[in-house]
2 protein chains.
Amino acid sequence: MTLTQLRYLVAIADTGLNITLAAERVHATQPGLSKQLKQLEDELGFQLFLRRGRSLAAITTPGVEVIARARQVLLEAGNIRALAANLRGEVQGELAIATTHTQARYVLPPAIAPLGRQYPDVSIHIVPTGEGDALAELGHGADLALVSSSGRPPPSGIAVPLYAWRRVVLVPAGHPLASLQRSPTLAELAREPIVSYESSLRPESSLRTAFTEAGLEPRIAFTARDADLIKTYVRAGMGIGILAEMAISPTLDTDLVQLPADEHFATCMAWGVLPRERVPRNYTLSLLSLLAPQLDVRDLRRAFEGTFDGQWPTAPNWSERETLIASPAAHGKATSSRRR
Amino acid sequence: MTLTQLRYLVAIADTGLNITLAAERVHATQPGLSKQLKQLEDELGFQLFLRRGRSLAAITTPGVEVIARARQVLLEAGNIRALAANLRGEVQGELAIATTHTQARYVLPPAIAPLGRQYPDVSIHIVPTGEGDALAELGHGADLALVSSSGRPPPSGIAVPLYAWRRVVLVPAGHPLASLQRSPTLAELAREPIVSYESSLRPESSLRTAFTEAGLEPRIAFTARDADLIKTYVRAGMGIGILAEMAISPTLDTDLVQLPADEHFATCMAWGVLPRERVPRNYTLSLLSLLAPQLDVRDLRRAFEGTFDGQWPTAPNWSERETLIASPAAHGKATSSRRR
DNA sequence: TACAGTTACGGACCGCGTAAGCATA
DNA sequence: TATGCTTACGCGGTCCGTAACTGTA
């Protein structure tokens with residue numbers, strides 16, 4: 001049994017039992033994988049796959065067990081390599097970020113730009129997910145999930161608070177609500193067709209519960225994951241938009257009127273979540289620190305190692321965050337807490 | 001990075017940084033290990049060990065981390081091999097049992113004899129421990145721990161109830177207590193010097209608490225881990241023995257008088273405990289089934305896999321156990337429970 | 001007739017063991 | 001001087017890629 005054999009094995013499993021395709025993925029030839037698989041099966045003494053004719057048809061029962069353990073082996077071997085790459089100050093690698101459209105489109109870009117300068121050879125992959133699915137991606141290879149919640153921190157992984165954000169109501173310039181000199185009431189909002197995120201369809205969504213707790217039933221006219229789509233449909237007059245404040249561009253969205261809605265909807269917290277079982281690369285932690293300048297990379301490292309015994313510095317509101325980014329060093333030092 | 005390199009690495013760490021000794025342990029030559037270690041360090045890009053002159057002086061900080069993860073890799077690789085060996089019906093292997101002297105001397109032998117017939121090439125290692133230390137051995141390579149407790153099941157690993165046992169009072173034939181027609185009272189026992197297990201010195205031991213709860217202070221004159229030593233000192237008149245009923249041989253201890261003490265001391269439960277992170281070989285489960293005939297090997301396998309959703313059959317008392325062993329098949333089938 | 005996997009072969013590499021060299025106690 | 005690690009060298013195995021072969025849709 002070798003690490004190569006195990007790597008080939010899970011590659012075959014991950015490509016749906018297609019050895020040729022798996023060979024491409026691991027940058028090797030198909031006969032090489034075939035042979036190594038055969039040798040592994042010979043050593044173990046049983047078939048890992050059921051063959052129909054020459055092709056692989058299914059994974060055998062013991063094969064499932066072996067593959068699961070092989071993944072563990074490769075995970076830890078990868079951790080050793082990540083550990084070493086961090087220590088060497090390696091500036092190349094992969095970074096898969098699982099998050100929603102709004103984060104990817106409006107929050108990440110200004111952080112990723114400087115990250116690319118510090119780590120020029122890191123290839124970054126955005127894994128788009130619905131609000132509820134980003135955490136699940138951590139179990140499927142993502143290095144970092146960015147999620148939001150209005151209550152408790154995410155249950156799995158290592159969660160770090162990044163910033164707090166609020167929802168805003170967005171209406172076209174000529175809309176009756178736009179001329180109000182105050183923020184609209186929930187009842188006024190409930191009378192309008194609403195254009196918002198896909199996740200607001202879920203009965204437990206904080207948008208829905210805000211209405212139902214007030215005895216109102218919102219009419220959700222249109223949903224999308226994509227904040228730009230939501231704005232497009234608001235412009236088209238489909239209804240009023242309710243979305244995250246981060247999604248409002250001060251330069252591009254001047255034709256729309258935004259109304260505050262803090263009093264109606266709970267404040268949300270954006271969290272960065274690291275998979276507990278995988279050693280994070282330095283650039284992953286750097287990205288978190290770029291997203292939330294109050295965070296210190298060394299504290300993040302300690303949090304992963306389980307030796308961080310302080311409290312995270314208070315996460316700023318999204319709107320305050322800019323001032324932090326202007327002077328990250330001063331603020332970063334001041335709030336980096338390590339209590340012994 | 002190869003599995004061999006990682007194996008060599010932990011071997012060196014486990015021999016106290018002696019490469020020559022490590023080479024013997026892994027059945028290879030010293031230059032081979034030296035070279036592989038060097039290659040691994042080259043690949044990772046940093047030293048795993050600090051050198052003083054030519055010899056290894058200490059493990060570096062990152063080295064500690066790498067070695068810990070290397071152990072995980074080797075553990076899972078070993079699990080794959082164990083899985084395969086089980087499936088092949090392999091009859092050879094190792095079995096390290098961590099337990100107390102009493103279990104090793106009086107309980108295990110009649111179970112190990114038939115095990116050796118079924119698995120002739122398994123080499124069995126008894127790791128002698130104090131009552132409290134057997135569980136810790138599971139983290140250091142032991143395959144099975146046999147422990148006793150008077151209360152809750154052991155907290156770590158997968159615990160299976162084997163049998164319930166009681167303490168007996170043992171006195172020389174001429175002793176005043178021997179002529180009583182009833183079991184002695186706690187007060188009568190407290191007047192005598194007591195010869196018992198080392199573990200009874202601990203303030204939280206169930207022997208001690210039985211006395212102190214009755215407002216009595218026992219005088220413990222002699223302790224040992226070894227039940228035979230305890231009996232020897234009872235014979236020598238050092239005091240009255242209080243020990244596990246399993247330690248009384250019906251043929252060899254006829255010169256001693258045993259008095260029941262059930263009413264004073266809590267009944268204990270003997271547990272078999274498997275390490276959760278290591279796949280048990282079939283013979284390990286067979287041994288448990290031989291020790292406790294009410295257990296079914298398939299239920300034990302399911303318990304390890306986390307798919308056993310029933311209750312363990314009631315563990316018999318030690319004294320009743322013999323009748324079970326006489327007809328294990330019938331009883332085993334009857335109580336093997338699998339509820340869906 | 002494509003497509004996917006197995007078998008065959010030759011080259012390169014690598015890991016191992018033997019043997020010699022070299023520090024340290 | 002003994003111990004223990006490193007370096008040098010030659011052998012054998014093995015892993016890999018190319019190429020030809022074979023069974024299946």
Side-chain angles (χ1 to χ4, degrees), chain A residues 1-60 63 66-67 70 73-74 77 80-81 84, chain B residues 1-60 63 66-67 70 73-74 77 80-81 84:
Chain A
M1 184 178 356
T2 68
L3 287 175
T4 308
Q5 287 171 350
L6 299 181
R7 206 173 89 243
Y8 289 178
L9 171 62
V10 308
I12 293 171
D14 284 344
T15 51
L17 279 46
N18 182 327
I19 298 186
T20 308
L21 188 54
E24 282 176 31
R25 293 241 188 122
V26 299
H27 305 294
T29 58
Q30 177 272 320
L33 269 75
S34 274
K35 188 139 184 236
Q36 291 302 315
L37 174 60
K38 187 171 160 47
Q39 285 189 8
L40 181 59
E41 287 181 326
D42 285 351
E43 177 179 344
L44 296 181
F46 53 87
Q47 301 268 100
L48 294 165
F49 298 101
L50 289 172
R51 325 280 158 123
R52 193 174 41 217
R54 302 216 139 191
S55 343
L56 307 185
I59 308 175
T60 60
V66 170
I67 290 169
V73 170
L74 296 172
I80 292 176
R81 276 187 264 263
Chain B
M1 183 178 0
T2 68
L3 287 175
T4 308
Q5 287 171 350
L6 299 181
R7 205 173 92 242
Y8 289 177
L9 171 63
V10 310
I12 292 171
D14 285 345
T15 51
L17 277 44
N18 183 326
I19 298 187
T20 309
L21 190 53
E24 283 177 29
R25 293 241 188 122
V26 299
H27 306 294
T29 60
Q30 178 272 319
L33 269 75
S34 274
K35 189 148 186 225
Q36 291 302 314
L37 173 61
K38 186 170 162 45
Q39 286 191 5
L40 181 59
E41 286 181 325
D42 285 350
E43 177 178 344
L44 295 181
F46 53 88
Q47 302 267 100
L48 294 165
F49 299 101
L50 288 173
R51 267 75 168 180
R52 191 172 46 216
R54 302 216 138 188
S55 15
L56 307 186
I59 308 176
T60 61
V66 171
I67 290 168
V73 170
L74 296 172
I80 291 176
R81 276 188 264 265

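Numbers restart at 1 for each chain; the letters A, B, ... are given by sequence-line order, proteins then strands.
Scored by the side chain to side chain contact (heavy atoms under 4.5 Å, CB included) test, A:Gln36 finds A:Gln5, A:Tyr8, A:Gln39 as partners (sequence neighbours excluded). Checked against side chain to side chain contact (heavy atoms under 4.5 Å, CB included), A:Thr29 has the following partners two or more places apart in sequence or in another chain: A:Pro31. Residues satisfying the side chain to side chain donor-acceptor pair (under 3.5 Å) criterion with B:Ser34, sequence neighbours excluded, are B:Gln30.
The CG atom of B:Leu40 sits 14.0 Å away from atom NZ of B:Lys35, with the distance rounded to the nearest 0.5 Å.
Within the nucleic acid shown, A:Arg52 has no heavy atom closer than 4.0 Å to any nucleic acid atom.
For residues 16-34 of chain B, there are no salt bridge (charged side-chain N to carboxylate O under 4.0 Å, His left out) pairs, not counting sequence neighbours. Sorted by first and then second residue, the salt bridge (charged side-chain N to carboxylate O under 4.0 Å, His left out) pairs involving residues 3-14 of chain B (not counting sequence neighbours) are B:Asp14-B:Arg71.
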Polar-atom pairs under 3.5 Å, protein N or O versus N or O of nucleotides 12-15 of chain C: list them with distances, or write none.
unit_1: C:dG15; atom_1: OP2; unit_2: B:Gln39; atom_2: OE1; d: 3.1
unit_1: C:dG15; atom_1: OP2; unit_2: B:Gln39; atom_2: NE2; d: 3.4
unit_1: C:dG15; atom_1: O5'; unit_2: B:Gln36; atom_2: NE2; d: 3.4

Atom pairs under 3.5 Å, N or O on each side, protein against nucleotides 1-3 of chain D: can you list them with distances?
none

Contacts under 3.5 Å, N or O only, protein and nucleotides 20-23 of chain C:
unit_1: C:dG21; atom_1: N2; unit_2: B:Arg54; atom_2: NH1; d: 2.7

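The side chain of B:Thr29 lies closest to C:dT18 when the candidates are C:dT6, C:dT18, D:dT18. Side-chain atoms of A:Ala28 lie closest to D:dG17 of the nucleotides C:dT7, D:dG17, D:dT6.
Checking B:Ser55 against A:Leu33, the closest nucleotide of DNA chain D that is more toward the 5' end is the one next to B:Ser55.
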Between side-chain atoms of residues 47-59 of chain A and protein atoms elsewhere (two or more places apart, or another chain), which donor-acceptor pairs fall under 3.5 Å?
unit_1: A:Arg51; atom_1: NE; unit_2: A:Phe49; atom_2: O; d: 3.4
unit_1: A:Arg51; atom_1: NH2; unit_2: A:Glu41; atom_2: OE1; d: 2.4
unit_1: A:Arg51; atom_1: NH2; unit_2: A:Glu41; atom_2: OE2; d: 2.5

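A heavy-atom distance below 4.0 Å to DNA chain D is reached by these residues of residues 12-21 of chain B, ordered by number: B:Leu17, B:Asn18, B:Ile19, B:Thr20.
An end-to-end axis angle of 30° holds for the helix from C:dT1-D:dA25 to C:dA25-D:dT1, taken from five base pairs per end and rounded to 10°.
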